[in-house]
Amino acid sequence: MIPHVYIEDLAPFDGQKVTLRGWLYHKRSSGKVRFVVVRDGTGIMQCVASLADVGEKIFESIDALTQESSLTVTGTVRAEPRAPGGYEMRLESLSVIQIAEEYPITPKEHGTAFLMDHRHLWIRSRRQHAILRVRHAVVKAIRDFFDERKFTLFDPPIFTPAACEGTSTLFATDYFGEKAYLTQSGQLYGEAGCMAFGKIYTFGPTFRAEQSKTRRHLTEFWMVEPEVAFLDLEGAMELAEDVIVFVIARVLESRMEELKTLERDVSLLERIKKPFPRITYTEAIDLLKKSGHDVEWGADFGGDEETTISSRFDQPVMVHRFPAAIKAFYMKRDPDDDRLALGFDMLAPEGRGEIIGGSQREDDLNNLVARIREHDLPPEAFEWFLDLRRYGSVPHAGFGLGLERTVGWIAGAQHVRETIPFPRMMSRLRP
RNA sequence: UCCGGAGUAGCUCAGCGGUAGAGCGGGUGGCUGUUAACCACUAGGCCGGGGGUUCGAAUCCCUCCUCCGGAGCCA
C-alpha cells in the first residue's frame, strides 16, 4: 500500500514511494522531460517525469493539465538540490481528477482590485497562504497565552442595543422592528465577565462603519479583549507586553518557513523583549514637538505622529495617560491629575501604528454616571453596566488587541486586507 | 466625507489629435534538468458610461460611475 502524504510531512519518506493529492501549481517542459509542480495546501513539490519512465500516455495527460487542475501523483521522493524545497518526486504515475478551466491568476503580476475580486482563488497563492498560516499561529498563541494563565473565554454578543462609544460608526440592522447594532467592542460585556470570573478574554469579530480607506482599516476585524478584576493600568500594560512577547516567540518557533516565504526580516522580531518602553502622552507630545510636528497638548495622534513615536524605538512602545477629553467615557481618571485618563496605546515598531488600546476602567458609580452624561450617551442603555458598580465594584482594567494589525506587523503584510481570508472594507463586500 | 491618482486585449501596461500596440496568459509546433524555462507561429478590443469640441477623439473639455492611495476616526 502506497501511503498518501502531505508535502509538509515528506521528509521521513526520502527514498520511498508515496502518493500526493493536490493541484497543479505550475508546469514546465523540456523535450522529453516534464516538470509538474504540485501544491497540496501544506507545501509545494516539484515532480519530474521523463518519457522513458512514464510512457506516452502519462506524458499526454501531463500536457493536457492546466493550472490548478486537481490530480494525484505517485512516485519516489528524493533529496534533490536542483529542486525548490530540497526534495522532488520522480513521477511514476499521475491521475487527473479535474482539468481546470483557464485560471485567472497567472504567475505574472496583477493589480489588487483584480486579486481582491478573486480572493477565493488568491488564497491559494504562496504569499497569501503563508500570511493566513501566520494568522492561525497568532490566534493559537493568543488563546494558549490566556488559557495557560487560566483566563476564562467569555464570548460577548454580536448584536448590541446601543453604542459604547457613539452610534456614528456602527452598522445598524433591523432586529424584529427594533434597531440593533453590530458590536464594535465586547468590552462592556467583558467587564461584566471579569466581575463573575475574575479574569476573562473575549475573542471575536467586531464591526466599525468608519469610512476609512487605509492599509490599517477593515470594517470587520477580530479583536482579543482581556478584562481583569483587581488589575490597574500598570498591570494591564504588563499583560499587553507579555502577550505580545509570547505571540512573537510562538510564531518564530512554528512559522519560520512562512516568514521566509514572506521575506520577513525576522531579526526585527527576534529582538522583541520585555520591558517595552513606556512614555506618557505628555512626553510623547514633547518628543513630537522636538521632531518638528505641529501638535498641541490635548490633540490626538494621527498616523504620522504614531510613526514618528514608534520609529524612535525598536520595541513596541506604550504611550499612557492621555488627556481624558479625547478618550472613552469608561476610562478612569488619573488620581494624580484629573485631566488625564488611565489609558494606554501600544504602537508596533516599523511604523505599524496602534495594535493595542486599553485602560483602567472607571469603577465609581457617580463618576461613571457623570461621564455618561458628559458624553451625551443615553443613560438608560447603560443601566446594566452601572450595576457592575453597584454590586461589588472593584478596580479593573483590560485592553483590546487588533488581530489583523498584529498579524500584518508580524507577517510583514503591507495591508491588513491580506491578513484575513475574506476582508470586509468600505468598498469591498464580495466575494 | 475631503484631497490626490487611475480606468485601453483574460492580466500588467504603453500610446496622449491622424490605420489599436507590447509583455505575460491562451492555442499550435519544437526542445532530455526546467526554476515566473526558452524558441517560432497564432487567435484575442464597446480604449469605464453619457454628452460636447473637431474634417477627424483612446488622446482635448464637461459629467457620472468604479477602483486605488491618503486624511479625519480608530484596533
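Atoms considered below: every heavy atom in the structure, side chains included; atoms not considered: hydrogens, waters and symmetry mates. Order of the sequence lines fixes the chain letters, A, B, ..., with proteins taken first and strands second; residue numbering starts at 1 for each chain. Only a predicted model underlies this, so the values are computations on that prediction, with no experimental measurement involved.
- In the interface, the side chain of A/S212 is paired with the base of B/rG72 through a donor and an acceptor atom under 3.5 Å apart.
- Rounded to whole Å, the distance from CZ on A/R28 to C1' on B/rU32 is 15 Å.
- As judged by a 4.0 angstrom heavy-atom cut-off over every strand, A/D345 is placed among residues making no nucleic acid contact.
- Classification of A/R135 and A/E404 as a salt-bridged pair holds, one side-chain N sitting under 4.0 Å from a carboxylate O.
- Here A/F301 and A/Y281 bring their ring centres to under 6.0 angstrom of each other.
- Checking the phosphate oxygens (OP1, OP2) of B/rG69, no side-chain nitrogen or oxygen of A/R215 falls inside 4.0 Å.
- The separation between A/Y103 atom OH and B/rG25 atom C1' is 14 Å, rounded to whole Å.
- Using a cut-off of 4.0 Å between Lys/Arg side-chain N and Asp/Glu carboxylate O, A/K17 and A/E92 are scored as salt-bridged.
- Close to B/rC68, at under 4.0 Å from its OP1 or OP2, lies a side-chain N or O of A/S427.
- Atoms CD (A/Q67) and C1' (B/rA36) sit 11 Å apart, rounded to a whole Å.
- Salt-bridge check for A/D53 with A/R90: passed, with a basic side-chain N closer than 4.0 Å to an acidic carboxylate O.
- At the heavy-atom level, A/G302 lies under 4.0 Å from the strands shown only through sugar-phosphate atoms.
- Contacts of A/H415 with the nucleic acid, taken as non-hydrogen atoms under 4.0 Å apart, involve only primed sugar atoms and P, OP1 or OP2.
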Quick one: which protein N/O atoms are closer than 3.5 Å to N/O atoms of nucleotides 9-13 of chain B? Pair and distance per line, please.
unit_1 : atom_1 : unit_2 : atom_2 : d
B/rC11 : O2'    : A/E109 : O      : 3.1
B/rC11 : O2'    : A/H110 : ND1    : 2.6
B/rU12 : OP1    : A/G111 : N      : 2.9
B/rU12 : O2'    : A/E109 : OE2    : 3.0

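- When the nearest nucleotides of RNA chain B are assigned to A/V33 and A/M426 by heavy-atom distance, the more 5′-ward of the two goes with A/M426.
- Put simply, CZ on A/R34 is 9 Å from P on B/rC31, counting in whole angstrom units.
- Rounded to whole Å, atom P of B/rG70 lies 8 Å from atom CZ of A/R216.
- Comparing A/M425 and A/I326 by the nucleotide of RNA chain B that holds the closest heavy atom to each, the one mapping nearer the 5' end is A/M425.
- Here B/rU34 is the nucleotide among B/rC74, B/rG69, B/rU34 with the atom lying nearest to any side-chain atom of A/F35.
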(request) Could you please spell out the steps behind the salt bridge (charged side-chain N to carboxylate O under 4.0 Å, His left out) verdict for A/R21 and A/D40? (result) CA-CA 6 Å; A/R21 298 176 287 195; A/D40 75 346; over 6 Å; no
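- A salt bridge links A/R34 with A/D63; the closest basic N to acidic carboxylate O contact falls under 4.0 Å.
- Heavy-atom distances under 4.0 Å link RNA chain B to A/F221, A/M223 of residues 219-228 of chain A, given in residue order.
- No N or O donor and acceptor, one from the side chain of A/R417 and one from the base of B/rG69, sit under 3.5 Å apart.
- Between A/R264 and A/E257 there is no salt bridge, since no side-chain nitrogen of the basic residue lies less than 4.0 Å from a carboxylate oxygen of the acidic one.
- Straight-line distance from the CG atom of A/D300 to the P atom of B/rA71: 14 Å, rounded to whole Å.
- Rounded to whole Å, the distance from CE on A/M116 to P on B/rG7 is 21 Å.
- In terms of polar N and O atoms assigned as donor or acceptor, the side chain of A/E88 comes within less than 3.5 Å of the base of B/rG33 in a complementary pairing.
- Aromatic pair A/F382/A/F329: ring centres closer than 6.0 Å.
- Separating the P atom of B/rG56 from that of B/rG18 is a span of 15 Å, rounded to the nearest Å.
- Judged by the 6.0 Å distance and 45° axis criteria, A/R339 is positioned over the aromatic ring of A/W297.
- Here A/Y189 and A/W384 bring their ring centres to under 6.0 angstrom of each other.
- Across all strands shown, A/T206 has no heavy atoms under 4.0 Å from either base or sugar-phosphate atoms.
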(request) Give the dot-bracket string for RNA chain B, reading 5' to 3', where a pair is Watson-Crick or G-U wobble with both distances under 3.5 Å, ( ) marks pairs inside the strand, [ ] marks pairs crossing earlier ones, | marks a partner on another strand, and . marks unpaired. (result) ((((((((.[[[[.)..(..]]]].(((((.......))))).....[[[[[..)....]]]]])))))))....
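- A/R405 and A/E354 are not joined by a salt bridge, as no carboxylate oxygen comes within less than 4.0 angstrom of a charged side-chain nitrogen.
- For the 3.5 Å distance criterion, the side chains of A/S69 and A/Q98 fail to qualify, holding no donor opposite an acceptor.
- As rounded to whole Å, 14 Å separates atom P of B/rG70 from atom CD of A/E306.
- Counting any heavy atom pair closer than 4.0 Å across all strands shown, A/L51 reaches no nucleic acid atom.
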